[in-house]
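See structure below.
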Amino acid sequence: MYEPHAFATWGGRQLAIFSDAAEVDRERVTRWVQARTAIGAHHSRKVGDPAWAIHLLEQTAEFLAR
């Protein structure tokens with residue numbers, strides 16, 4: 001099962017490392033990832049991917065919106 005708190009720790013650190021290395025604004029990277037996960041969820045629904053995969057993408061996009 002997807003644990004939002006686990007993502008917050010791991011995912012937040014990964015986004016920070018990437019944005020620092022790429023010399024890109026961290027907020028911009030976060031919003032880009034949020035947009036890509038929302039698009040991914042939409043595409044997954046369209047092609048009939050498993051519910052757990054869609055849920056993971058939706059939860060990630062929602063978490064990043066905070």
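Bear in mind that the values here come from a model prediction, so they are computed numbers and not experimental data.
Looking at residues two or more places apart in sequence or on another chain, you find a side-chain contact (heavy atoms from CB on, under 4.5 Å) between Ala38 and Ala61. Applying the salt bridge (Lys or Arg N to Asp or Glu O under 4.0 Å) rule to Glu27 yields the partners Arg31; only residues at least two apart in sequence or on another chain are considered. Qualifying side-chain contact (heavy atoms from CB on, under 4.5 Å) partners for Arg45, counting only residues two or more places apart in sequence or in other chains: Ala41, His42, Ile54, Glu58. Partners of Asp49 by salt bridge (Lys or Arg N to Asp or Glu O under 4.0 Å), not counting sequence neighbours: none found. Ala22 meets the side-chain contact (heavy atoms from CB on, under 4.5 Å) test with Phe18, Val24; sequence neighbours excluded.
Here Phe63 contributes atom CZ and Thr30 contributes atom OG1; the two are 10.0 Å apart, rounded to the nearest 0.5 Å.
Residue pairs meeting the salt bridge (charged side-chain N to carboxylate O under 4.0 Å, His left out) criterion with at least one partner in residues 34-43, sequence neighbours excluded, do not occur; the list is empty.
When every heavy atom of Val33 is checked against every heavy atom of Leu15, the shortest pair comes out as CG2-CD2, 3.6 Å.
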